[in-house]
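Following: one structure in structure tokens, then a few remarks.
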Amino acid sequence: MSTNMDYLIRSSSVFFLLSFVTYTYSTSFEVQNNCPYTIWAASTPIGGGRRLNKGQTWVINAPRGTKMARIWGRTNCNFDGSGRGSCQTGDCGGVLQCTGWGKSPNTLAEYALNQFSNLDFWDISLIEGFNIPMTFAPTNPSGGKCHAVQCTANINGECPGQLKVPGGCNNPCTIGQCGPNDLSRFFKQRCPDAYSYPQDDPTSLFACPSDSTNYRVVFC
């Protein structure tokens with residue numbers, strides 16, 4: 001009897017320690033849909049995908065050291081019971097659970113955790129276009145480059161004709177005109193905190209302490 005009890009105590013202790021380690025060495029991303037329509041959120045390399053009706057939230061726990069990661073929203077999707085289908089914007093190979101990147105246009109939240117100087121680096125990118133308004137924010141901002149950023153302008157409604165596509169607005173990079181030009185300035189003027197072309201780092205890259213920061217990504 002005591003042997004069984006000792007085993008249970010040891011097992012419980014191990015489970016607690018593993019839970020503590022998982023909690024300590026992961027960063028939480030709370031993804032919320034505030035749009036008046038359904039979003040099929042996507043996240044790689046951690047998370048996959050999730051349908052979010054208006055007001056719903058999805059929590060993703062990403063291990064420290066995760067990099068080249070992104071979260072985006074897909075619109076006007078239709079999936080069958082096996083998770084296969086398609087989306088008008090942001091489609092990732094016709095599956096609900098994304099393992100690759102989404103098809104342009106899609107508004108991106110990008111991040112790399114616990115990198116140089118124990119910092120998380122993160123941004124909103126419009127380099128692959130815009131489909132859904134987005135806010136990306138640390139849950140405990142600490143000043144400097146660790147504060148909320150957003151891209152909530154009416155980009156779809158004001159999109160230049162040569163960039164406009166059903167459900168979104170392409171970035172000039174997607175049509176072979178990448179760089180600081182009139183078309184990229186259309187995005188930068190409306191969303192000054194977001195990447196409008198690949199070298200747009202000074203005003204578009206943000207950083208927070210890796211050991212004390214979680215994040216929230218809000219659509220609309």
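FYI, side chains are in, hydrogens and waters are out, and symmetry mates aren't considered; it's all heavy atoms of this structure. Throughout, residue positions are numbered sequentially from 1 according to the sequence presented. Quick caveat, the model's predicted, so the values are computed rather than measured.
Under the rule for a side-chain hydrogen bond (donor to acceptor under 3.5 Å, both in side chains), the partners of E30 that lie at least two apart in sequence or sit in another chain are R216. The side-chain contact (heavy atoms from CB on, under 4.5 Å) check on S142 picks up C146, P209, with sequence neighbours excluded. With sequence neighbours left out, N118 forms a side-chain hydrogen bond (donor to acceptor under 3.5 Å, both in side chains) with no residue at all. Residues meeting the side-chain contact (heavy atoms from CB on, under 4.5 Å) test with C92, sequence neighbours left out: W72, R74, V95, C98. Taking T66 as the reference, nothing meets the side-chain hydrogen bond (donor to acceptor under 3.5 Å, both in side chains) condition, with sequence neighbours excluded.
The side-chain heavy atoms of N106 and T89, taken from C-beta on, include no pair separated by under 4.5 Å. No side-chain heavy atom of Y215 sits under 4.5 Å from any side-chain heavy atom of T139. In this structure, the side chains of V31 and T57 stay at 4.5 Å or more apart for every pair of heavy atoms. Considering only heavy atoms from C-beta on, S210 stays 4.5 Å or farther from L119 through its side chain. Contact of the Y111 side chain with the D120 side chain is not registered, since no non-hydrogen atoms from C-beta on lie closer than 4.5 Å. Taking the side chain as every heavy atom from C-beta outward, Y37 and C220 approach each other to under 4.5 Å. Contact annotation: the side chain of W40 never approaches that of D91 to less than 4.5 Å [non-hydrogen atoms, C-beta and beyond].
Side-chain atoms of D201 and Q199 form no donor-acceptor pair, as typed in the model, at a separation below 3.5 Å. A side-chain donor from one of T38 and N53 sits under 3.5 Å from a side-chain acceptor of the other.
Of the residues S184, C173, S204, the one that meets the side chain to side chain contact (heavy atoms under 4.5 Å, CB included) test with Y195 is S204.
Screening residues 156-188 for ring pair (Phe, Tyr, Trp, His ring centres under 6.0 Å) gives no qualifying pairs among residues at least two apart or on separate chains. For residues 35-51, there are no salt bridge (charged side-chain N to carboxylate O under 4.0 Å, His left out) pairs, not counting sequence neighbours. Screening residues 186-199 for salt bridge (charged side-chain N to carboxylate O under 4.0 Å, His left out), with sequence neighbours left out, gives E158-R190, K188-D200. Residue pairs meeting the salt bridge (charged side-chain N to carboxylate O under 4.0 Å, His left out) criterion with at least one partner in residues 167-180, sequence neighbours excluded, are absent. Sequence neighbours left out, the pairs with a member in residues 146-181 that pass ring pair (Phe, Tyr, Trp, His ring centres under 6.0 Å) are H147-F206. Sorted by first and then second residue, the ring pair (Phe, Tyr, Trp, His ring centres under 6.0 Å) pairs involving residues 148-182 (not counting sequence neighbours) form an empty list.
Proximity of a side-chain donor or acceptor of T213 to a complementary backbone N or O of C208 within less than 3.5 Å is not detected.
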Just list the side-chain donor-acceptor pairs under 3.5 Å for residues 122-129, sequence neighbours left out, or say none.
residue, atom, partner, partner atom, Å
S125, OG, I127, N, 3.2
E128, OE1, R70, NH1, 3.4
E128, OE2, R70, NH1, 3.2
E128, OE2, R70, NH2, 3.4

